[in-house]
There are 2 protein chains.
Amino acid sequence: MEENISHVQIDDIDRSIIQLLNKNARISYTDLAKEVGLSRVAVQARINALMEHGVIERFAAVINPEKIGIHVSAFFNVEVSPAHLHEAAALLAEEQVVTSLYHMTGPSKLHMHALFINHQEMEQFMKEKLYKMPGITSVECQVLINRYKSRMGMRL
Amino acid sequence: MEENISHVQIDDIDRSIIQLLNKNARISYTDLAKEVGLSRVAVQARINALMEHGVIERFAAVINPEKIGIHVSAFFNVEVSPAHLHEAAALLAEEQVVTSLYHMTGPSKLHMHALFINHQEMEQFMKEKLYKMPGITSVECQVLINRYKSRMGMRL
DNA sequence: GTTGAAATGCTGTGTAC
DNA sequence: GTACACAGCATTTCAAC
């Protein structure tokens, strides 16, 4: 009896379903069934299974931050002393401006993305929060100029 | 008559709607209306307006790549000679493994995220595609170890 | 912004194959 | 996996306020 399966076998129809739900997560099961050529009940069962197995984590709205006055998008490479890594990560994860935070290979490296209303807000965040965090030894910051592709963790 | 407005004024109810749709994009308008305390018709009108104005770009399924056997997630910092920047960006954007690609501040820097089945596939991509692209002067690669936070471009 | 109403479509569940 | 059926909801689009 294995509850925590980490790997799920999916077929081409599952892949089509995922792709269609990725383009439009509010499509009805009925329309989805027509597209993939399965019955509505079968499609529902597949989606439920995909969610139970954690393949589909949730359905989300994709927002354009620029349109609501959030004009600065930046990536940070933050180096932290090993002893403070988890503490710093927990503190950073709490910040509203931080949208993603990952631990990467390299010398105690955190990779962070954050959104700011303007450069002033970014500078304030860096000076008053980031630089004051425990164990931070280096901060590299890059600001976004142009989006060539953004499909957010979805590989076709 | 201004068609291309780049900035939209939204209020607290819009913000609640966006947050709720971000948690669960398949919620019904009826339930959404109950949550935000507006009529169903008003909520529908607001969502339609948010989509028309480009605030909500679309609704997407959030996938856990690990669950379908895609075990390596990596970020790349790619430096390209200015003359080849757009050409290289266009070529990289076409690659299936590349999930996001941004032009960042810095010396013709591209920031890229990609997903691979395993390290072997990553190495193959780097050797056979990335290193052969025109104008590429430097490649930095970091592999993901742990996800502390991932909210994908949504700031609360 | 609101309510109400009518037509249509969708979902959840059950049956049988 | 399919098909069918049925009840209950949801959506769309009116009109009237």
Side-chain angles (χ1 to χ4, degrees), chain A residues 1-64 67-70 154 156, chain B residues 1-3 5-65 67-70 154 156:
Chain A
M1 157 170 161
E2 36 179 357
E3 281 290 323
N4 286 337
I5 37 170
S6 61
H7 190 293
V8 180
Q9 206 59 31
I10 67 168
D11 64 9
D12 286 348
I13 294 177
D14 288 320
R15 257 178 279 273
S16 313
I17 291 173
I18 290 171
Q19 276 179 237
L20 287 163
L21 283 171
N22 215 259
K23 280 198 206 113
N24 173 21
R26 283 181 75 82
I27 187 175
S28 72
Y29 295 125
T30 311
D31 288 347
L32 211 41
K34 281 176 204 157
E35 292 271 355
V36 302
L38 243 62
S39 73
R40 177 177 62 89
V41 182
V43 170
Q44 272 171 291
R46 276 165 183 264
I47 292 175
N48 289 339
L50 288 170
M51 297 196 76
E52 272 162 25
H53 293 149
V55 175
I56 299 174
E57 290 184 350
R58 67 180 211 281
F59 299 99
V62 178
I63 304 303
N64 183 341
K67 294 280 181 179
I68 49 176
I70 296 174
M154 175 61 183
L156 298 178
Chain B
M1 160 170 163
E2 36 181 356
E3 283 289 324
I5 37 170
S6 61
H7 190 294
V8 180
Q9 206 60 32
I10 66 168
D11 65 9
D12 287 346
I13 295 178
D14 287 321
R15 256 178 280 273
S16 313
I17 291 172
I18 289 171
Q19 277 180 235
L20 288 163
L21 283 170
N22 215 259
K23 281 199 206 111
N24 172 20
R26 284 181 75 83
I27 187 174
S28 72
Y29 295 125
T30 311
D31 289 347
L32 211 42
K34 282 176 203 158
E35 292 270 356
V36 302
L38 241 63
S39 73
R40 181 173 40 87
V41 183
V43 169
Q44 272 171 291
R46 274 166 184 263
I47 293 175
N48 288 339
L50 288 171
M51 296 197 75
E52 273 162 24
H53 293 148
V55 175
I56 299 173
E57 289 184 348
R58 68 181 210 279
F59 299 99
V62 179
I63 304 304
N64 184 342
K67 294 280 180 179
I68 49 175
I70 297 175
M154 174 61 181
L156 299 178

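Here is the naming used below: chain letters follow the sequence lines, and residue numbers restart at 1 for every chain. All heavy atoms count here, side chains included; hydrogens, waters and symmetry mates do not. In this text, all values refer to a predicted model and were calculated from it rather than measured experimentally.
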How many Å lie between CD1 on B:Ile47 and C1' on D:dA10, as a whole number? 13 Å

With sequence neighbours excluded, give me every salt bridge (charged side-chain N to carboxylate O under 4.0 Å, His left out) pair touching residues 12-21 of chain B. B:Asp12-B:Arg15, B:Asp14-B:Arg46

B:Ile27 CD1 - D:dT11 P separation (whole Å): 10 Å

Nearest to the side chain of A:Ser28 - D:dA10, C:dT11, D:dT2? C:dT11

In B/S/- notation (B base, S sugar-phosphate only, - none; protein heavy atoms under 4.0 Å), nucleotides 12-17 of chain C written 5' to 3' is BB----

For a side-chain contact (heavy atoms from CB on, under 4.5 Å) check, start with the C-alpha distance between B:Ile17 and B:Leu38, then their side-chain angles and the critical distance, and finish with the verdict. CA-CA 10 Å; B:Ile17 291 172; B:Leu38 241 63; 5.6 Å; no

Side chains of residues 23-31 of chain A: which donor-acceptor pairs under 3.5 Å do they make with residues two or more places apart or in other chains?
unit_1, atom_1, unit_2, atom_2, d
A:Asn24, OD1, A:Arg26, N, 3.0
A:Arg26, NH1, B:Ala25, O, 2.6
A:Arg26, NH1, B:Ile27, O, 2.8
A:Arg26, NH2, B:Ile27, O, 3.3
A:Ser28, OG, A:Asp31, N, 3.1

Applying side chain to side chain donor-acceptor pair (under 3.5 Å) to B:Gln44 and not counting sequence neighbours gives none

Just how far, in rounded Å, is C1' of C:dT2 from NZ of B:Lys34? 17 Å

Value in whole Å for how far the P atom of C:dC10 lies from CG of A:Leu32: 12 Å

Counting only side-chain N and O atoms of A:Thr30, is one of them less than 4.0 Å from OP1 or OP2 of C:dG9? no

Residues 51-61 of chain B vs salt bridge (charged side-chain N to carboxylate O under 4.0 Å, His left out), sequence neighbours excluded, gives none

Name the residue closer to the 5' end of DNA chain D, choosing between A:Arg26 and A:Arg46 according to the nucleotide with the nearest heavy atom. A:Arg46

Sequence-distant partners of A:Met154, side chain to side chain contact (heavy atoms under 4.5 Å, CB included), two or more places apart: A:Ile18, A:Gln19, A:Asn22, B:Ile63

